[in-house]
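Along the sequence shown, residues are numbered consecutively beginning with 1.
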Amino acid sequence: MPPIIVMIAILIAMGLFTMKGVVPKDVSLKSIYKALFPFIGLDILLVAVIIAIHDLFIT
């Protein structure tokens, strides 16, 4: 697996388990997945920015 896919999977898992730990017990996992999508998008954007900045400074 490419490292970027592994990084994204880890970010998703961390967000999922963190949100599951802080929400009330009656909230379903499906609701948590729906609420997690904006955070996943921001995490992917952050990884892309880090890669772009790294490429600018390291030649």
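- Taken together through direct or relayed side-chain contacts under 4.5 Å among Ile, Leu, Val, Met, Phe, Trp and Tyr, I5 and I44 form part of one hydrophobic cluster.
- The CG atom of L36 sits 13.0 Å away from the NZ atom of K20 when rounded to the nearest 0.5 Å.
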Please determine whether side-chain contact (heavy atoms from CB on, under 4.5 Å) holds for the pair L46 and L42, giving the CA-CA distance in whole Å, both sets of side-chain angles, and the decisive distance to 0.1 Å. CA-CA 6 Å; L46 178 63; L42 290 173; over 6 Å; no
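- Expressed to the nearest 0.5 Å, how far CD1 of I12 lies from CZ of F17 amounts to 12.0 Å.
- Put simply, CZ on F39 and CG on L16 are 12.5 Å apart, with the number rounded to the nearest 0.5 Å.
- Side-chain contact between V6 and P3: absent, with no pair of heavy atoms (C-beta onward) separated by less than 4.5 Å.
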CA sep, side-chain torsions, deciding dist, call: M14, I10, side-chain contact (heavy atoms from CB on, under 4.5 Å): CA-CA 6 Å; M14 285 179 14; I10 290 171; 3.9 Å; yes
